[in-house]
Amino acid sequence: MEASPSRGTSCLLDENTFTENFMNQMNPRKTYLCYKVEILDGDARIPLDEKKGFVRNKGANEPGEPCHAERYFLDRICSWNLDRELHYRLTCFISWTPCVTCAQKLADFLGKNSHVSLHIFASRIYSLSDYKAGLRTLQAAGAQIAIMTSKEFEHCWENFVDHQGKPFQPWVGLEVVSQDLCNNLQAILQTQEN
DNA sequence: ATTTTCAAT
């Protein structure tokens with residue numbers, strides 16, 4: 001097999017992979033997380049394009065220990081050794097909101113890294129176990145959590161997908177499902193009830 | 001009140 005360690009397109013998602021995983025009315029059993037990094041300098045944002053990419057979870061059907069996408073994301077962030085003298089804004093676009101365990105890990109990270117702010121846009125709400133408490137914990141730690149709208153889907157398409165020059169084509173129902181999920185998320189984040 | 005979803009009925 002031919003080795004190609006650093007091809008230019010290696011940080012781009014295949015078109016079908018993006019659609020299959022981010023279509024908000026589907027329920028795939030895997031998670032993709034696209035991320036980008038900016039330095040905040042006053043009102044200016046300086047993108048660090050070399051620190052842009054995506055991770056996906058390792059499922060229970062794959063060799064080794066299963067691992068949620070967020071853990072790979074946190075590993076990458078830590079490997080960058082971000083300068084504590086600067087302020088960074090991390091934005092991630094994730095196909096499922098973090099589970100309660102990952103939400104806690106992200107909250108812990110934010111608590112220890114006040115030079116980093118985190119904005120999360122999710123395609124769907126992962127709703128098992130104590131997911132509501134997890135999302136509230138993450139929000140309380142300073143993370144901004146929102147549902148992806150057509151604006152974010154298009155942004156992902158333009159920035160993380162090997163789209164071969166094709167424009168983003170919204171799928172039927174995108175807006176309605178997104179709005180519905182947005183309402184659900186707001187209800188979760190604004191109350192303390194389960 | 002709401003789900004079945006980071007795979008395996």
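Lettering of chains follows the sequences in order, A, B, ..., and the numbering in each one begins at 1.
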Asker: Rounded to the Å, how far apart are Phe54(A) CZ and dC6(B) C1'?
Answerer: 15 Å
Asker: For Tyr32(A) and Phe54(A), take the angle between the two ring planes, folded into 0 to 90°, and tell me which bin it lands in: parallel under 30, tilted 30 to 60, perpendicular over 60.
Answerer: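 The rings of Tyr32(A) and Phe54(A) sit tilted, inter-plane angle from 30° to 60°.
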Asker: What nucleotide, of dC6(B), dT2(B), dA8(B), holds the atom closest to the side chain of Lys132(A)?
Answerer: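 Nearest nucleotide to the side chain: dT2(B).
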Asker: Fit a plane to each ring of Phe153(A) and Phe22(A), take the angle between them on a 0 to 90° scale, and name the class: parallel (under 30°), tilted (30 to 60°) or perpendicular (over 60°).
Answerer: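 The arrangement is perpendicular - the two ring planes meet at more than 60°.
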Asker: Can you see if the side chain of Asn57(A) gets near the phosphate of dT5(B) - specifically, an N or O under 4.0 Å from OP1 or OP2?
Answerer: no
Asker: Would you kindly give the OH-to-P distance between Tyr126(A) and dC6(B), to the nearest whole Å?
Answerer: 5 Å
Asker: With sequence neighbours excluded, what pairs up with Lys166(A) under the salt bridge (Lys or Arg N to Asp or Glu O under 4.0 Å) test?
Answerer: Glu15(A)
Asker: With side-chain contact (heavy atoms from CB on, under 4.5 Å) as the test, pick out the partner of Ile120(A) among Thr91(A), Leu90(A), Ile94(A), Leu33(A).
Answerer: Ile94(A)
Asker: Arg136(A) and side-chain contact (heavy atoms from CB on, under 4.5 Å): which single residue from Asp130(A), Ile145(A), Ile188(A) fits?
Answerer: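 Of Asp130(A), Ile145(A), Ile188(A), side-chain contact (heavy atoms from CB on, under 4.5 Å) with Arg136(A) is met by Ile188(A) alone.
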Asker: Using a heavy-atom cut-off of 4.0 Å across all strands, would you classify Ala60(A) as base, sugar-phosphate, or nothing?
Answerer: sugar-phosphate
Asker: In whole Å, what is the span from the CG atom of Asn61(A) to the C1' atom of dT5(B)?
Answerer: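 It works out to 14 Å between those atoms.
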Asker: Rounded to whole angstrom, note down the C1' distance from dT9(B) over to dT4(B).
Answerer: 13 Å
Asker: Scan residues 52-66 of chain A for pairs that pass salt bridge (charged side-chain N to carboxylate O under 4.0 Å, His left out), counting only residues two or more places apart or in two chains.
Answerer: Arg56(A)-Glu62(A)
Asker: Could you identify which residues of residues 94-106 of chain A place a heavy atom less than 4.0 Å from some atom of DNA chain B, listed by residue number, or say none?
Answerer: Trp96(A), Thr97(A), Pro98(A), Cys99(A)
Asker: With the side chain of Leu128(A) defined as its heavy atoms from C-beta on, choose the nearest nucleotide among dT4(B), dT2(B), dC6(B).
Answerer: dT4(B)
Asker: In whole angstrom, what separates Asn184(A)'s CG from dT4(B)'s P?
Answerer: 12 Å
Asker: How close or far is atom P of dA7(B) from atom CD of Glu20(A), stated in whole angstroms?
Answerer: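 In whole Å, dA7(B) P lies 17 Å from Glu20(A) CD.
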Asker: Between CZ of Arg45(A) and NE2 of His87(A), what distance do you get to the nearest 0.5 Å?
Answerer: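 Between atom CZ of Arg45(A) and atom NE2 of His87(A) there are 11.0 Å.
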Asker: How many whole angstroms separate atom CD of Gln186(A) from atom P of dA1(B)?
Answerer: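 In whole Å, dA1(B) P and Gln186(A) CD are 19 Å from each other.
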